[in-house]
Amino acid sequence: MIHENEIAMLLIGMSVFITIMINKKSLNRLKNWKILLSVFSLFLCACIFTVLEGFFGENIFNYLEHICYVVSSVLMLIWCWTIFGKNEGGS
Amino acid sequence: MNFIAFLDSIAFLSFFIASIVVVKGWRRRFSRDTKMILFGLIILNMLYNFSLILEWYGISHSFEPYEDLIGALVPMMWAFSFYALLQDTTARDLKESENRFRKLFEQSNDVIVIHEISRIIDVNQKASETLGYSRKEFLEMPINKLLREEDQHMLQDMINEIRKKKSLVFETQLVKKDGTLIDVEASSRIVEEDRVIIQGMVRDITERKKAEEEKAKLEQQLILSQKLEAIGTLAGGIAHDFNNILAAIIGYTDLALLDLEDPIKSKEALTQVQQGATRARELIQQILTLSRKSEQKSQPLDISIIVKEALKLLRSSLPVSIEIKQNIASHGKVLADAAQIHQIVMNLCTNAYHAMREKGGILSVSLKETTVSGNDFIPKLDLLPGNYIVLKVEDTGHGMSNEIKQRIFDPYFTTKKAGEGTGLGLAVVHGIVKNYKGHIDVYSEPGIGTKVMIYLPTIQSSLIGTAPTSSDANTQIKGGNENILFVDDELSITNFAQKILEKYGYQVTTCLDGDQAFQEFQKQMNSYDLVITDMTMPHMNGIELAQNIMELKPGFPIILCSGYSDLIHKETIDKMGIHFLEKPVEMHTLARAVRKILDKNE
């Protein structure tokens, strides 16, 4: 079953992703940028899997969706830790 | 709890911990707005995962509209987060870049002043250290306060020049706060054309200037010592020549005294004495040319005469194992200083002598004319089209390798042993030749010899003044019956001059010093027609005597004689209208000069 909010999430997510890719050079200057990009990419994958599970392979895509969420959350924690947790840099 | 709910719980927990990490590290990195957005993103993700957990427990139905809203907000929040992070990073980069440039500006070893026309906008730390003003004082004062009073009016011209050329490099002096001056090299560049904002970089070159002056002084001393060294090298030969001349003079004088009754024999002996004395005078002239340290006086010069003179001098000082061959095929004139041309020949020949000292050989010196036209392609010949005199000095000595050849014009470079040469010889030659817009070429082969060719531009005949003709010397010298006062502190000279001049019919009164001569002149001012005076005398020198006489009788004809013309300031005596004769004066020269001046005054 396809939910409208899932389609909306996917569309907004895709447009954000395209914007990121366009500004990749500038965003590349961010510290641990690749982790942050992975977090967002996994979130986007989760959105894709959510939509796909409405058409076929409901179980497998559902698992994949939630695995993506959990990996994405762990990576986000790591990124936050590297940015705010370590004793370096300053405001 | 099923597996998916377990995964969602882990995700929720991770976001929860992440939010704590962000809160705990709130003071670090990023701006407040960025941190708020990031924190919002984490909270939204946390809420979304929480809603997923609730869904698995079947209690999400009442939350469903909120779950949809949160789901749509999460990617939007990601968009805000990326934008905020990008802005933050850009701002941080900008700040870092500004700090870096500020550091460069502040830590520069040069003074940097940024000014809008005459208003100072910014200065670096070095400016305060160098000029003594604080940053605040700089910002409150006009830039022309840093300039000397006499330079202040030039500020506007300089700004216009900078606007025109975009940048300007110049040397000037700046006034420090304590009033002292410093020499600086300034490089100004326009930064903003509309507002006329100029960035000036100023380097203190006071020490460099001092060092340059010291170096120039040292170089002068070295050049002088090199001249003295050359004199030293030649001293043996000169002494030998002088002894020969003196032997001839003494011998023939004895003979003349013995043959007093036989006028023919005594005349023959005296002619020999005269010839010896003439040779001695020429030798003195050559030494004076070499040792003269007066400023360069370029004049149209037949350098063949100088080359011949130098070779004559060298012949007496070089060993017989060195044969000198000369081929002077040019009498063209160059605009040059005789002493410098003499120095070129002496330096080149001395080098040739050093190269052949051990085994002997042939020293060939030639002078010829050549023309370089615009179409000529002469490799390495850095010359403008025109006529040139080529002085070639060739030896059959040990020659030199390419490595040595490349360094021969370096000042102080020498292959000679310590004490044998300063290494300035060829550097001096190179400097002189370049100064005359000439060229120097060196060909050398180890074991075969060295050939040095010097190209000097000849001058057009229209530039050459009329030289005295030799027929002047042969014309009949007229005498007269005028009254002459002759002054010299050397009794033998006054006696000689009196006899010579009386022979030509003149009435001659002699004095042995300037004081006595002036008193004599005052007594019978109107009876004298001419005063001939020596330069160096006790009590009153020749110039002072002439000045005193001129005060009493302006325009009175005076001849000043001196053996060392460097003591005479030519312009001064020309201004005073005094005539000059270089000692030793030959009989006919003196008689001719006296007659010429007396005739002119009539």
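All values reported here derive from a predicted model rather than from experimental measurement. Hydrogens, waters and symmetry mates play no part in the numbers below; they use all other heavy atoms, side chains included. Naming convention: chains lettered A, B, ... in sequence-line order (proteins, then strands); numbering from 1 in each chain.
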> At what distance, to the nearest 0.5 angstrom, does CG of B:L7 lie from SG of A:C68?
Replying inline: 10.5 Å
> Going through the distances and angles, do A:M76 and B:N45 end up as a side chain to side chain contact (heavy atoms under 4.5 Å, CB included)?
Replying inline: CA-CA 10 Å; A:M76 186 68 182; B:N45 272 293; 6.0 Å; no
> Between A:F43, A:F17, A:W79, which has the largest tally of heavy atom pairs under 4.5 Å with chain B?
Replying inline: A:F43
>> Before you tell me yes or no, could you show the steps for B:T89 and A:K31 under side chain to side chain contact (heavy atoms under 4.5 Å, CB included), namely the whole-Å CA-CA distance, both residues' side-chain angles and the distance that decides it to 0.1 Å?
In response: CA-CA 9 Å; B:T89 312; A:K31 195 185 174 190; over 6 Å; no
>> To the nearest 0.5 Å, what is the distance between CZ on B:R92 and CG on A:L30?
In response: 10.0 Å
> CG of A:L11: more than 12 outside heavy atoms within 6.0 angstrom?
Replying inline: yes
> Parallel, tilted or perpendicular for A:F40 and B:W78, by the 30°/60° rule?
Replying inline: perpendicular
>> Before you tell me yes or no, could you show the steps for A:Y69 and B:L52 under side chain to side chain contact (heavy atoms under 4.5 Å, CB included), namely the whole-Å CA-CA distance, both residues' side-chain angles and the distance that decides it to 0.1 Å?
In response: CA-CA 11 Å; A:Y69 279 136; B:L52 290 176; 3.9 Å; yes
> In terms of heavy-atom contacts, does CE of B:M76 have more than 12 from other residues, nucleotides or ligands at under 6.0 Å?
Replying inline: no
> Which bit of B:S81 comes within less than 4.5 Å of chain A, counting heavy atoms only: side chain, backbone, both or neither?
Replying inline: neither
> Within a strict 4.5 Å, meaning less than it, do heavy atoms of the A:V70 and B:F6 side chains meet?
Replying inline: no
> What part of B:I42 gets closer than 4.5 Å to chain A, counting heavy atoms only: side chain, backbone, both or neither?
Replying inline: side chain
>> Under a 4.5 Å cutoff for heavy-atom pairs, which residue among A:L10, A:N62, A:N23 has the most contacts with chain B?
In response: A:N62
>> Quick check: closest heavy atoms across B:P75 and A:V16, and the distance to 0.1 Å?
In response: O-CG2, 3.5 Å
> When only pairs under 4.5 Å are counted, which of B:T90, B:I10, B:L85 shares the most heavy-atom pairs with chain A?
Replying inline: B:L85
> With side chains defined as the heavy atoms from C-beta onward, is the minimum distance between B:I17 and A:W81 less than 4.5 Å?
Replying inline: no
> Do you know which of A:I78, A:I67, A:L27, A:T19 has the most heavy-atom pairs with chain B at a distance under 4.5 angstrom?
Replying inline: A:L27
> Heavy-atom distance under 4.5 Å to chain A: side chain of B:L41, backbone, both or neither?
Replying inline: side chain
>> If you define the side chain from C-beta out and look only at heavy atoms, does anything of B:L38 sit under 4.5 Å from A:F84?
In response: yes
> Taking atom CD1 of B:I4 and atom CG of A:N59, what is their separation to the nearest 0.5 Å?
Replying inline: 7.5 Å
> In this structure, are over 12 heavy atoms from other groups packed under 6.0 Å from B:E98 atom CD?
Replying inline: no
>> Testing the basics here: between A:C80 and B:V21, what is the closest heavy-atom pair and its distance to 0.1 Å?
In response: O-CG1, 3.5 Å
>> Show the nearest heavy-atom pair for residues A:V74 and B:S14, with the distance to one decimal.
In response: CG2-OG, 3.7 Å
> Checking heavy atoms, do the side chain of B:D88, its backbone, both or neither come under 4.5 Å from chain A?
Replying inline: neither
>> Taking side chain as everything from C-beta outward and backbone as N, CA, C, O, which of these in B:F12 sits under 4.5 Å from a heavy atom of chain A? Side chain, backbone, both or neither.
In response: neither
